[in-house]
Structure formats: C-alpha cells, structure tokens
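This report concerns only the one structure given below.
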Amino acid sequence: MKERLIIFDTTLRDGEQSPGASMTKEEKVRIARQLERMGVDVIEAGFPAASNGDFEAVKAVADAIQDSTVCGLARAIENDINRAGEALQGTEDARIHTFIATSPIHMKNKLRMSPDQVIEQAVKAVKWARQYTDNIEFSPEDAGRSDIDFLCRVLEAVIDAGARTLNIPDTVGYTMPEQFGQLIRTLRERIPNSDKAIFSVHCHNDLGMAVANSLAAVLNGARQVECTINGLGERAGNAALEEIVMAVRTRQDYFPCDTRIDTTHIVPASKLVSGITGFPVQPNKAIVGANAFAHESGIHQDGVLKHRETYEIMRAEDVGWGTNKLLLGKHSGRNAFRSRLKELGIELDSEERLNAMFMRFKDLADKKHEIFDEDLHALVSDEVQVPEEHYRLLSLVAHSETGEVPFARVVIAEGSTELQAESEGSGPVDATFRAIEKILDSKAELQLFSVNNITSGTDAQGEVTVRLQKAGRIVNGHGADTDIVAASAKAYLSACNKLHTKLERAHPQV
C-alpha cells in the first residue's frame, strides 16, 4: 500500500488573511463541513488568540466537525496556547499548531531574541500545548531563510519536547523547488530523532512556486501539505489544495503516496469558498477554473472526441464538474428541502430560520425552473449574513434606457421605520448604491463589486459580492437574485449590516 499524504487545509486561517476575505462564524462552519465531506485530514480553523470573534469561530468549528482533526494556531506564547486549547475543547481530535520565527532577520529585527532564547521558547510552547492534546505541530517561521544548523537544533529540541508534526514553511515564497526539496531531505537526514515526527510544508506563492515547492517536498519525504481552496491566502496566496491533490492522484506512477480526498467535492468546495469570500476563480485556473476542461482548438476537439486521454489527463466529473443534478423544484416539500440542506452540510439554528429559507426557496423556484446545489448555497449565503438585520430591502425600482440618465428608487426598513430615497447614476447599480447611501450615509468606501452567475442559463441567479471599507474595517456583503440589480442592493445592505453590527472583524495579521 502507498503511504498516506496528509492534507492540512488552512483556508479558514491563512486563507482568511487575504484582505477582504474575512469570514463570519457561520461561514467558517459551512466551509469546514464541506472540507470534512471532502475528506480533509486537518482543518486549521483559525487563530483563537487573535480576537474573541476568531476564538468563537474556532470553537464553533470544533463543535461541528467529527471526521477531521480541528487545529488552532498559536504563537509560542502561553496565553495564545491557552486560548487555542480552550477553543478546541469541543472536539476529541484537536491539534495545536504553534510557531516561532527562526531566520536571522526575524530573530534580530522582529523577536529581538537570541537563537538560544528562541529554542527555549519553542520547547516551552510545545510543553504548554501538551496540557491540552498530544497532537502538537510546530513551525519554524521563515524556515526557507533560516540557518540549516540552527534549524536542525530547534527541530530536534521540539521533537524531544513532544511535537509530532514539523511544518517547514516557505513563509515569503522565496525558495525554488529543487532548493526546497533538498531542504526537507537534509532536515530528515540530519535530525537524529526525525523518524518520530511527520514532516509538513506550508508554501506561499509569491513567485508562483507554492505547488511546485510543496510537491518537491513530498518527493523528498514530506507527508503533510498545508494548502487552501483555490490557493487563497495573503499576498499571492498559498499552495492550492486542488492542484496538490490532483497532481498526486493523477501521477501515481511518480508519487509514492496518495491522499484520502474525495475529489468529486473539489469543485463544490471551490465555488463555496469563492462565493463566501468574494474572490472569483480565474477561468484558466487549473482544476477548478471554468475553462479547465474546455477545448477551443479544432485539433484538440477532434482528439478528445476520438479518445478523451489525447488531451485530457483527468476526467471533469472526477473533480466535481457536472455532478450537481436537479434535486428540488417548485413542488418540493419542506422536508425534502430540509434533507437536501443537511446533505449539503447546511444546518440552520432555528425553525424560524428554516421557514424563512424555505419561503425564499419557493420564491426562487417560481422564477427559476431548475434549482441546483449552488442555488441553495447562494440562498444560505444571502440568508445568514447577519442574524438580526438592521437594514432590510423592502422595494427597489431601477430604470435604465438608452439616451436617458439611469435612476433608482429604494425603500429600506430600519427596524420598524421605512426610509426611501431616489438617485441618478451612471447605471442602474450605481444609481441604486447612491440611493442607499442617501439613506444610510455610511461613508464607507466601495472596494469591490463582483458579479458571478451561480449556474448556467439566462434565468440563473446572479450572486453579487460587495466589499466595503470603513475606519480600517473591511467587510464583504453578499446578495443573490435572478435580478442582478436587486442582488446588488442586497449585497450592499448586507455589508452595511456588518458594519453596523460589527459582526465581522478586521482580521489581525499573524
């Protein structure tokens, strides 16, 4: 049998550090459940010491997940580790991931600690974490620029202290594949007790090498890869989970290991993360891009028709393309609706919320003949933005005519008060946003307006993401509707509700 390659997903932690990608507790739980269905081994749910919001989100994920290990990140500081341990109490399969920088530039300029002090602190951190779990992961931050002799000393010491996973991060995406693979091989050969730990890698994509570096490490003995859905992450992102998994699965003639991932869940996971974060997937993205299995060239089309493997090394259906079949329609009942939501990992916290969702589903079914899984995810994203909506869209009139200035009239409920305004704009969406601003006067800066069709067809729902910034806080709002202007108004109000309730935090950088 082949060796197991452990997939450690950090979409909810490192992925969330992308500016504007901050997620609510409910959104983190939804993504975590999708990762669990996919068969992800370890889900890094967040950084509990960063904020009370992140603590609660990690706790909620720990309570919800049963078949994957749930991990919390902590600096090599006792308070951080205690917060992680407390947040993970709801799961029997917890991991604490602690880290400290080991490169000369970080130790001197950031930590202001000597190498001996760094080793001492790393050992203390592992021992503190063992009060909560024996599943401890240690990362020497900026390992790619660390002195190899010192790196060996640190890692040997933390293994002796009880660390069972050693994660070697290329924190700034600096190394090349041959270099990084050789680093992993050298560490495994030079550290006397290296056989007592699993070597892991966490690569960033600043030079476009994250996946290549990760796979080079696997070929040199790493047996855990830290990655994210769609390669989401700060700066240029992380190694993309879908690319790592499918490279290893497709080239079993080359790799001595395999994952336990159910690859048919890859595309649904990609769409879910893209919808929640508002980060669209580029069409030519490997595996999950819209054009990943499209063939324009006549020569390619002819070859695929005669024998698929002439130009396709994977089957589209193996990664989840085309697997969402029609399951519900306008005649579907409440129990069927509830059952399908449960199959998709969507659990609402009250009968009242379920009833509201079901009514919205019925409204959609009247407008749209075919209801797909993506439509249900969009309905939920639209429904669970803020538990108590401060602002609600009551009605919208938007007019656009060639040669005339577009205008919009919006009626909004603020509690029991109805407020309305009209405005002109460069288009119906601009006019709608201007009218909303006349009412709310939020003074927020619009940073992103993104529209995606959820399914195919002219009757498809449009899903709109609006990103607003105000006083250093960045929030995403989502709206879905078969009318794209209505979806835009819902998304803008969704973001304004978050600014009002402070439900979504500005993510602190690690």
Side-chain angles (χ1 to χ4, degrees), residues 11-28 30-31 46 50-51 53-54 57 228-237 270-282 377-378 380-386 389-391 393 410 412 425-437 439-454 461-481 484-509:
T11 303
L12 303 181
R13 200 278 299 170
D14 201 335
E16 193 193 22
Q17 287 177 218
S18 299
S22 189
M23 306 167 201
T24 66
K25 178 174 68 176
E26 291 83 1
E27 289 167 342
K28 280 197 171 191
R30 285 176 59 206
I31 292 173
S51 70
D54 221 15
T228 61
I229 300 295
N230 299 336
L232 191 68
E234 57 183 332
R235 303 190 314 278
S270 168
K271 291 182 177 181
L272 178 63
V273 170
S274 177
I276 285 176
T277 61
F279 283 68
V281 176
Q282 68 194 60
H377 278 299
V380 174
S381 292
D382 210 15
E383 178 68 25
V384 302
Q385 288 303 302
V386 182
E389 285 186 308
H390 187 72
Y391 306 113
L393 179 67
V410 177
I412 292 171
S426 59
V429 172
D430 181 49
T432 299
F433 287 177
R434 288 174 183 270
I436 293 173
E437 273 301 310
I439 298 170
L440 305 186
D441 193 27
S442 73
K443 295 185 174 61
E445 177 187 350
L446 179 64
Q447 289 200 322
L448 172 76
F449 172 71
S450 172
V451 182
N452 292 292
N453 62 313
I454 295 169
Q461 282 194 100
E463 188 169 41
V464 174
T465 300
V466 166
R467 185 171 299 145
L468 298 180
Q469 176 175 314
K470 181 179 180 181
R473 294 185 64 234
I474 299 175
V475 297
N476 286 334
H478 303 282
D481 201 284
I484 205 64
V485 181
S488 302
K490 291 177 182 178
Y492 199 94
L493 286 173
S494 167
C496 288
N497 274 320
K498 289 180 179 177
L499 287 175
H500 181 268
T501 61
K502 299 184 179 179
L503 177 66
E504 192 163 342
R505 61 187 173 76
H507 195 288
Q509 295 299 302

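All values reported here derive from a predicted model rather than from experimental measurement.
- At distances below 3.5 Å, at least one donor-acceptor pair connects side-chain atoms of Glu437 with backbone N or O atoms of Ser442.
- Put simply, CG on Leu448 and OG1 on Thr465 are 6.5 Å apart, with the number rounded to the nearest 0.5 Å.
- Nearest heavy atoms, Val429 versus Ser488: CG2-OG, 3.8 Å.
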Checking side chain to side chain contact (heavy atoms under 4.5 Å, CB included) for the pair Lys490/Val464: CA distance, chi angles, key distance, verdict? CA-CA 8 Å; Lys490 291 177 182 178; Val464 174; over 6 Å; no

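- The shortest side-chain heavy-atom distance between Asn230 and Ser274 falls under the 4.5 Å cut-off.
- Between the side chain of Lys498 and the backbone N or O of Asn476, at least one donor-acceptor pair lies under 3.5 Å.
- Between Leu468 and Ala495, the shortest heavy-atom contact is CD1-CB, 3.6 Å.
- For the side-chain contact (heavy atoms from CB on, under 4.5 Å) criterion with Glu16, the lone passing option out of Thr11, Thr228, Asp54 is Asp54.
- When side chains are defined from C-beta on, His478 counts as touching Glu27, because their heavy atoms get closer than 4.5 Å.
- With contacts defined as side-chain heavy-atom distances shorter than 4.5 Å, the pair Ser270/Val281 qualifies.
- Put simply, CD1 on Ile229 and CZ on Phe279 are 15.0 Å apart, with the number rounded to the nearest 0.5 Å.
- Rounded to the nearest 0.5 angstrom, Ile276 CD1 and Leu232 CG are separated by 11.5 Å.
- Between Thr277 and Arg467 the shortest heavy-atom distance is O-NH2, 3.2 Å.
- Atom CG of Leu499 and atom CD of Gln469 lie 10.0 Å apart (nearest 0.5 Å).
- With sequence neighbours excluded, the residues satisfying side-chain contact (heavy atoms from CB on, under 4.5 Å) with Ile439 are Ile412, Leu419, Ala421.
- Closest non-hydrogen pair, Val410 versus Ala435, comes out as CG2-CB, 3.8 Å.
- Taking the side chain as every heavy atom from C-beta outward, Leu440 and His500 never approach each other to under 4.5 Å.
- Pairing each heavy atom of Met23 with each of Lys28, the nearest pair is CB-CG, 4.0 Å.
- Taking each heavy atom of Tyr391 and Asn497 in turn, the nearest pair found is N-OD1, 2.8 Å.
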